[in-house]
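What follows is one structure encoded as structure tokens, with my remarks underneath.
Proteins come first, then strands; the chains are lettered A, B, ... in the order of their sequence lines, and each starts at number 1.
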Protein chains: 2
Amino acid sequence: MTSAVRRSDATRAAILVAARERFASDGYERATIRAIAADAGIDPSMVMRYYGNKEKLFAAAAEFDLQLPDAAGIPADQLGATLARHFLQRWEGDETLTALLRAAATNEAAAERMRSLFGDQLLPVAAAACPDPADAPRRAGLVASQMLGLALCRFVLRLPPVVAMTADEAAAWVGPTIQRYLTSATSA
Amino acid sequence: MTSAVRRSDATRAAILVAARERFASDGYERATIRAIAADAGIDPSMVMRYYGNKEKLFAAAAEFDLQLPDAAGIPADQLGATLARHFLQRWEGDETLTALLRAAATNEAAAERMRSLFGDQLLPVAAAACPDPADAPRRAGLVASQMLGLALCRFVLRLPPVVAMTADEAAAWVGPTIQRYLTSATSA
DNA sequence: AAGCGATGCCAACAGCTGTTGGCAAACGCT
DNA sequence: AGCGTTTGCCAACAGCTGTTGGCATCGCTT
């Protein structure tokens, strides 16, 4: 039936978990269907049956909601720090974002997903927060550059001093940057 | 002889150019020896003869000098803007950095090279510029997070609003961030 | 002109990749 | 109990990968 719980749902879920781990640690091309299937304890052909092909498996594994807070509910001068903390928390609690970031460096579909992630989810927050809505894309892009760069150094490149910081320390440093990108009158 | 100009030097150089292009646009795993050789107009086996294997070829192609200016020669309050402009110029004029960045997302050797690039070249500048030398690694790491994030969004992910900015506009926005990471008394 | 190293290409290898089709066992319904 | 559907594994495929060894050719030295 359509809405009933199928016996294979557990397998489907196990595949997704294994896929996120592999994509996060190896990137798109080095994460093989065989390795993902082995991690999930099943045969590679099951992955194909349930997800069609590798691209669709990645699309399913990289589905993600940033769950950004509503800008309206936050004091205007706290927006940068709040967003910075939220980003780091979201990143640390879910491998999906690391998988997406690693894959996006070499896979065009993943890059496109990253672009739409920021277009659909970050841009509205920037538009609500910045003085001139016409500036919103640029400001959102700058916020993205800082947050993605922090994630890159911390979770992908693992630059020691960036890894050594606590999430709160990192947010305290980066918060004012985000704040300025969102709300400063000018760039100078 | 050792110091004479060999006939194969042109081939060696052509391989390196083709390798940088492929590594920059495709990343480490999707850049194949065959494709690089075809771009260079020679046989794949020549690549092996001259560079040993793919890893060593990448190591040769990813050799890079940031050519950072001496912090002593720059007014202290201009350091952020100067560094930001320098980074962007360096990035735009040479595919090597994009190759290194793309590859570093999925290849551990490339990531290690990226780490040592910032350890050897950026850290000294930060140490010379920041108030307390004990803070230098962290401050250099923060600078790296912003500059690499900008490069990621502009050259790898190609986020439209980040691509649309001129180098000077981008440097004007990011400069104060770098400045604060290097010289601010505290993070708050 | 003869010899020799440097330069280049061709063909092939073993291994891994995504992907497919067929067949056995388990399950759920009547 | 019997039957159709679901779930799973096995074996194999065609293609691509890095890498290797052998053989022709070019160019310089003597």
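Spacing between atom CG of A:N53 and atom P of C:dT17 amounts to 17 Å, rounded to whole angstrom units. Regarding A:D26, its CG atom lies at a distance of 12 Å from the P atom of C:dG18, rounded to whole Å. Summarising the geometry, the separation between CD1 on A:I15 and P on D:dC9 is reported as 10 Å, rounded to the nearest angstrom. Rounded to an integer number of Å, the gap from NZ of B:K54 to P of D:dG18 is 4 Å. Straight-line distance from the CG atom of B:D43 to the P atom of D:dC26: 17 Å, rounded to whole Å. In this structure, CZ of B:R49 is placed 10 Å from C1' of D:dG22, rounded to the nearest angstrom. Across the protein-nucleic acid pair, B:K56 atom NZ and D:dG18 atom C1' stand 14 Å apart, rounded to whole Å. Atom CZ of A:R22 is separated from atom C1' of C:dT17 by 15 Å (rounded to the nearest Å).
Contact annotation for A:Y50: backbone-only contact, meaning every heavy-atom pair under 4.0 Å involves sugar-phosphate atoms and none involves a base. A:A35 comes within 4.0 angstrom of nothing in the nucleic acid, heavy atoms only.
No donor-acceptor contact under 3.5 angstrom links the side chains of B:Q146 and A:T177, judged on distance only. Counted by atom type alone, B:T106 and B:E29 present one or more donor-acceptor pairs between their side chains at under 3.5 Å.
In terms of position along DNA chain D, the nucleotide closest to A:M46 lies nearer the 5' end than the nucleotide closest to the other residue of the pair A:R34 and A:M46.
Picking from D:dT7, C:dG18, D:dT20 the nucleotide with the shortest atom distance to the side chain of B:M48 gives D:dT20. For A:T11, the listed nucleotide lying nearest its side chain is D:dG8; candidates were C:dG8, C:dT17, D:dG8. If you check C:dT19, D:dT19, D:dG18 against the side chain of B:T32, the one that comes closest is D:dG18.
Taking 3.5 Å as the limit, the base of D:dC10 and the side chain of A:S45 contain a donor-acceptor pair of atoms between them.
Aromatic ring pairs are classed by plane angle as parallel below 30°, tilted from 30° to 60° and perpendicular above 60°; the pair A:W173 and B:Y181 is perpendicular. Ring planes of A:F58 and A:Y28: perpendicular class, angle over 60° (limits at 30 and 60°).
Counting only heavy atoms from C-beta outward, the side chains of B:V156 and B:L101 approach each other to under 4.5 Å.
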